[in-house]
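Order of appearance sets the numbers: ligands from 1, and atoms from 1 within every ligand. Please read all numbers here as calculations on a predicted model, not as lab measurements. The basis for the numbers below is simple: all heavy atoms, side chains too, and nothing from hydrogens, waters or symmetry mates.
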Amino acid sequence: MSITTLGQFIIEKQMDFPFAKGELSRLLRDIGIASKIISREVNKAGLTQILGDFGSVNVQGEDVKKLDIIGNETFIWALSKGGEVCAMASEENDDMIPLNGFYSKSGKYVVCIDPLDGSSNIDVNVSIGTIFSIYRRISEPGTEPDLKDVLQAGNQLVGAGYVVYGTSTMLVYSTGAGVNGFTLDPSIGEFCLSHPDIMTPKDGKVYSINEGNAAEFPEGVKTYLDWVKGTNKEENRPYTARYIGSMVADFHRNLLKGGVFIYPPTAKAPNGKLRLLFECIPMAFISEQAGGKATIGDGSRILDVIPEKLHQRVPAIMGSANMVDKLEDFMK
Ligand code: AHG
Ligand code: MN
Ligand code: MN
């Protein structure tokens, strides 16, 4: 049998760093455990109709929680266990999150999460995801962590990844040496290496954008959208539109097949809708690690944006390198 489980893979990688204490490995393992629990809950999502909705009480008389909340609590619980993480930040919480009710002073790392991405798709049985990122803390270990530990630019990332709950559950992550994808085999309850060394195609023909907002897009994006619909065989045009409305799922398809994911500024949301810390930075990291690009529309990298606040938003163009460059040309 030539299966490599996520756990085996993490241990193999750790052997490349004989002086490492294994904290990052344990942290990744804990993320794997949280993901499996969320995957199980996601698979039961349709049953909440039978057992009771959020805000109501199910047949056992227990409060039913929304999947976003379950995802958030599961991650906080899983990362509280090991002591590697001193603090977390989540799309679901206004402020930085202490673990076990207090900030662990000894933990070396901080973790940012979007526990449930694409929540509007939960009720209609469409793919959703989880996004995570890991930084080394800036504050002195042994002291109380500080907001600056979480507000780090993406170019400081130690690792990042996402889980897509789709036709199967898949965990994709990188610690800065390429991207690997693992598919959950429910029969053994393990993530198994299914997509080693993912490289995204340089070109593609899929564009993913909520074109319903087109009237509010910057001129460059509008002319680009006309251009993608023109015909030119050598340039793969017309492109194909694909938009699920779950960033993780849209991104994942484009990563494997080639494509560009775009969330531009609009009049209503001048910085776009997506969150820098919880969505854009981790996905940009994966994109670049797989040979793609991720920018904010003025040519600069998402990974170079210095976050000023936890729930900051940023425009995003990410995916196949040549496709990102092309849209950037239109934005000049
Ligand atoms: P979340 O469910 O975590 O709030 O994220 C939803 C995000 C992202 O997943 C998706 O790409 C985007 O919102 C869709 O936005 P529009 O509905 O504006 O297209
Ligand atoms: Mn999200
Ligand atoms: Mn979310």
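The existence of a salt bridge linking R301 and E288 is confirmed by a sub-4.0 Å separation between a basic side-chain nitrogen and an acidic carboxylate oxygen. A salt bridge links E211 and K229; the closest N-O separation between the charged side-chain nitrogens and carboxylate oxygens is under 4.0 Å.
Each of E91, D114, L116, D117, G118, S119, N210, Y243, G245, S246, M247, F261, Y263, K273, L274, R275, E279 has a non-hydrogen atom positioned under 4.0 Å from some atom of ligand 1.
In this structure, a donor-acceptor pair under 3.5 Å is absent between the side chains of N236 and D203. A donor atom on one side chain and an acceptor atom on the other are not found under 3.5 Å apart for D146 and S139. For the residue pair T266 / N213, no side-chain donor-acceptor distance below 3.5 Å is found, with atom types taken as modelled. With no hydrogens or angles considered, a side-chain donor-acceptor pair links N254 and S208 at under 3.5 Å. Counting only N and O atoms by type, the side chains of D298 and S300 include a donor and acceptor under 3.5 Å apart. Between the side chains of Y165 and S35, no donor N or O sits under 3.5 Å from an acceptor N or O.
Here 3 is the count of protein N, O or S atoms positioned under 2.8 Å from the Mn ion (ligand 3), waters not counted.
Taking the six-membered ring wherever Trp is involved, the centroid distance between the rings of Y135 and Y109 does not fall below 6.0 Å.
Here CG of L327 is found 11.0 Å from NZ of K332. Values are rounded to the nearest 0.5 Å.
As for E279, its N/O/S atom nearest the Mn ion (ligand 2) is the one called OE2.
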